[in-house]
There are 2 protein chains.
Amino acid sequence: MNIAEIAHAVGVSSATVSRALSGRGSVSPKTRERVLAAARERGYVVSQAASTLASGRNRNVGIVLPFLDRWFFSQVLAGAQQSLMRAGYDVTLYNLEGDGSERREVFETFIPRQRVDAVIAVSLELDDTELQQLKALDKPLVGVGGPIVGAPTLALDDVGAARLVTGHLIALGHTSIAHIGGDEASDVDFHLPTKRRQGFEDALEEIGVHAPLVVDADFTVPGGYRAAKQILGTPDRPTAIFAASDEMAFGAMLAARDLGLEVPRDVSIAGIDDHDMSDFYGLTTIAQFPRSQGALAVDLVLADLEGSAVPTDTDLPFELVVRSSTTRPDTAAR
Amino acid sequence: MNIAEIAHAVGVSSATVSRALSGRGSVSPKTRERVLAAARERGYVVSQAASTLASGRNRNVGIVLPFLDRWFFSQVLAGAQQSLMRAGYDVTLYNLEGDGSERREVFETFIPRQRVDAVIAVSLELDDTELQQLKALDKPLVGVGGPIVGAPTLALDDVGAARLVTGHLIALGHTSIAHIGGDEASDVDFHLPTKRRQGFEDALEEIGVHAPLVVDADFTVPGGYRAAKQILGTPDRPTAIFAASDEMAFGAMLAARDLGLEVPRDVSIAGIDDHDMSDFYGLTTIAQFPRSQGALAVDLVLADLEGSAVPTDTDLPFELVVRSSTTRPDTAAR
DNA sequence: ATGAAAGCGCTAACAA
DNA sequence: TTGTTAGCGCTTTCAT
């Protein structure tokens, strides 16, 4: 089944059918209706390959990410894919987890074979070669969560976010606050542990606290658990913990319990993310709306495809969500 | 840049370049090497659209799933996409979450526009129309986790898996075992809560226990938490709980703790899945390897594309993983 | 082993 | 508004 068949059935030329189906170029309402009806009747759908070859448009956006099974990434992906679908775009998934050879393949072969109109890169630290390869496509490129040199990027103000939660703890009266940060491995990938730590330290500097206790972990629940055990096991344990991610904060909450400490009475705990489970755990955190981030990235990409100007760097919104894991320090008890 | 340019540079015809690059048809090793070198030098990659139009092959598989942000689905997706990438295939993602209109669009427009060579449907209960639409493509179709009428399907023997964990609890000496199952909503989507409950009841029947306590939840941690509170709040609480998923089992473990009960001393808890967090929680469970399921689905799809025979229904492997959440009932204490 | 040439199914410039 | 027609870049048959 092809466009000629529909054209023949309706008694018009294939060009008219093409125009009616794509909405480009003018067709009389009556003809358009007849074409659409004929197509619907026969279950005819335009062949993407032929359309692409002739027009250069793919109606397809590639999304590149380092993991699929972590909360943040699946959220961004879900948000982006939903927006793209509504705009009639397919999404092709490039998952970089696995060894480096696969990563190279993606940049050398998969992306360049002209299947996509644009690329969204999520939390990707690209090396020079990779950057060149993407730039060489000469197609819209948007980064989410990680800075991409020379491309519009959506990113959280990690310093500001960390400063905000830390400020919340300080406002409650805490001065002895520990931080569970990201280890080197996670810093390479996401580049944000350092910034969150910075915001944490900035907020404390303001009240004259220097070099507070910082323990690094790997952004997982077990990692947060281990770090919190270290922190809470010390003789003069802090009255609050700020973890650089909600998952580590969950681990910290579990560790506190296992040590016989009650949250928030004995220790206040806060995180960053507003993970799906945070409400359940009553975790005070910074919400960063990753689904909206995905959707926003799509807006930029589509605007770019239409030739509109696209802002270089956009700071993403975030907000403090106070739940039951933080309270005033129980000074009497100490 | 196109194939003619490479052909000209090497001094052969475009047909030879095509053969050298695709590996179809014979080319002398020497010519092939020169073609590959010329392509590499210039960063030339075959245009997928043109290739597809001429050959009918897309090198692309569509994966349809109901959620992206749940553990099971992201695991299956990650497994499938990795295998496909290794075989040189792209993956196009069709996520059905959201309202029905989007779901209809996927089946009416997105999938039929001939971008994919095959479709993998994960845990989807398709209605007749949708089934017709997929069948009409006349392309390989494989179902994972949910039965698709008339297509090869990979599924866990849910009855057997549930019977196995329950048997483990029985072997430890438990006779008073409660079950956290799936509510109606999850039964429609996954069709597995009923089977898991069946396996649970079968195992108990064998030792003469009829109509045991069953509470339904929604396959989430909070759902499991609430259900377990109900179960453990009764005067003669059971000595063990079998939850139909690990996430619900996590909720049950948290509920037990909040009630002042110790796991496994006061109550044994087991689940099904072997979720990433299960090891951390020490949860006894049934491992079902969703990544391998995704990879296996790809094997079937690729075999089908090559014209090999494909088994209709395949039972997936599963195994009991005993950790620290289950032990013998403490009969002395009661 | 290689080349010539006919499509694959659509879009878009141009003409009417 | 509609039709004619020349590609888009590759694959594949058929020769050689």
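A note on names: the letters A, B, ... follow the listed sequences, proteins ahead of strands, and every chain is numbered from 1. Keep in mind it's a predicted model, so treat the numbers as computed, not measured.
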message = By nearest heavy atom, map A4(A) and P29(B) onto DNA chain C; which one lands nearer the 5' end?
response = P29(B)
query = Does the cation-pi check pass for R103(B) over F107(B), that is, NZ or CZ under 6.0 Å from the six-membered ring centre and within 45° of its axis?
reply = no
ask   = Between R32(B) (CZ) and dA1(C) (P), how many Å, whole number?
value = 9 Å
ask   = For dG3(C), does either OP1 or OP2 sit under 4.0 Å from a side-chain N or O belonging to S14(B)?
value = no
task = Provide, to the nearest angstrom, the distance between the CG atom belonging to N2(B) and the P atom belonging to dC8(D).
result = 8 Å
request  = Round to the nearest Å and state the distance from L53(B) atom CG to dA6(C) atom P.
outcome  = 17 Å
message = Reading DNA chain C from 5' onward, which residue's closest nucleotide shows up sooner: V17(A) or A54(B)?
response = A54(B)
M1(B) CE - dC10(D) P separation (whole Å) = 10 Å
query = When you look at CG of D128(B), are more than 12 heavy atoms from neighbouring residues, nucleotides or ligands closer to it than 6.0 Å?
reply = no
task = Would you indicate what V12(B) reaches in the nucleic acid, counting non-hydrogen atoms under 4.0 angstrom: base, sugar-phosphate, or nothing?
result = sugar-phosphate
Length of the CZ-P vector between R24(B) and dC10(D), whole Å = 16 Å
message = So does P152(A) get a backbone contact from the side chain of T312(A), meaning a donor-acceptor N/O pair under 3.5 Å?
response = no
task = For T31(B), report the nucleic acid contact type (base, sugar-phosphate, nothing); a contact means any heavy atom under 4.0 Å.
result = sugar-phosphate
Phosphate-side-chain proximity, S55(B) and dC8(C), N/O vs OP1/OP2 below 4.0 Å = no
ask   = Over how many whole Å does the gap from I3(A) atom CD1 to dG9(C) atom P extend?
value = 11 Å
query = Reckon S51(B) has a side-chain N or O less than 4.0 Å from the OP1 or OP2 of dC10(D)?
reply = no
query = Are L305(A) and Y89(A) side-chain neighbours, meaning at least one heavy-atom pair lies under 4.5 Å?
reply = yes
Distance below 4.0 Å between S13(A) side-chain N/O and dG3(D) OP1 or OP2 = yes
key: T92(A) versus N60(A), side-chain donor and acceptor atoms under 3.5 Å   = yes
inquiry  = I need the CG-P distance between N58(A) and dC8(D), as an integer number of Å.
reply    = 17 Å
ask   = Over how many whole Å does the gap from H8(A) atom NE2 to dG9(C) atom P extend?
value = 17 Å
ask   = Does any N or O in the side chain of T52(B) come within less than 3.5 Å of the main-chain N or O of R57(B), such that one atom is a donor and the other an acceptor?
value = yes
key: Nucleotide nearest R19(B) when distance is taken to its side chain, options dT11(C), dT12(D), dG9(D)   = dT12(D)
message = At less than 4.0 Å, is any side-chain N or O atom of T16(A) found next to OP1 or OP2 of dG3(D)? Yes or no.
response = yes
Below 4.0 Å: OP1/OP2 of dT12(D) and any side-chain N or O of R57(B) = yes
query = What does S26(B) touch in the nucleic acid at a heavy-atom separation under 4.0 angstrom: a base, only the sugar-phosphate, or nothing?
reply = base
message = Check this one for me: any side-chain N or O of S18(A) less than 4.0 Å away from OP1 or OP2 of dT11(C)?
response = yes
